[in-house]
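Treat the numbers as computed from the prediction; the structure is a model and nothing was measured.
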Amino acid sequence: PRAPMWGFICRRRRWIVGAAAVGAGTYVGYKLWQRQQEIMLIYREVSKALRASNNRHKAHYDETQADCNQATLAHLATLRIRLAALVDIGRAQAAVRAEP
């Protein structure tokens, strides 16, 4: 007869195959889970970096926006002064013309 081990394996073949399948499945599952953890970690790092970058850009945008607003207000002020000067000149000219 063959070695008793083979008899054991033959009798329990289905059970052993099942156990092997479960083992392999568990291992593969664990490996996939590990990979997923790695991916999640990378994803977290990336999203953190993106968020930081967005915040930086937003801060910069707010600054430039504020500068822009200041510049616009200053420009409007000078335009208002110019307009007032033109109105004054117009009045002066009208007054000169009105004189006999």
Chi angles and distances behind the side-chain contact (heavy atoms from CB on, under 4.5 Å) call for Arg82, Leu79: CA-CA 5 Å; Arg82 270 205 215 137; Leu79 284 179; 4.0 Å; yes
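To the nearest 0.5 Å, atoms CG (Asp62) and CG (Asp67) are separated by 11.0 Å. Rounding to the nearest 0.5 Å places CH2 of Trp33 at 10.5 Å from CD of Glu38. A distance of 12.0 Å separates CD1 of Ile81 from CG of Leu86, quoted to the nearest 0.5 Å.
Counting heavy atoms from C-beta outward, His60 and Thr64 have side chains that approach closer than 4.5 Å.
With Arg44 as reference, Leu41 is the one residue of Leu41, Ile42, Val46 to meet the side chain to side chain contact (heavy atoms under 4.5 Å, CB included) rule.
A donor-acceptor pair is defined here as one N or O able to donate and one able to accept, closer than 3.5 Å; such a pair exists between the side chain of Ser47 and the backbone of Tyr43.
Evaluation of the side-chain hydrogen bond (donor to acceptor under 3.5 Å, both in side chains) test over residues 22-32, restricted to residues two or more places apart or in two chains, returns Tyr30-Gln34, Lys31-Gln34.
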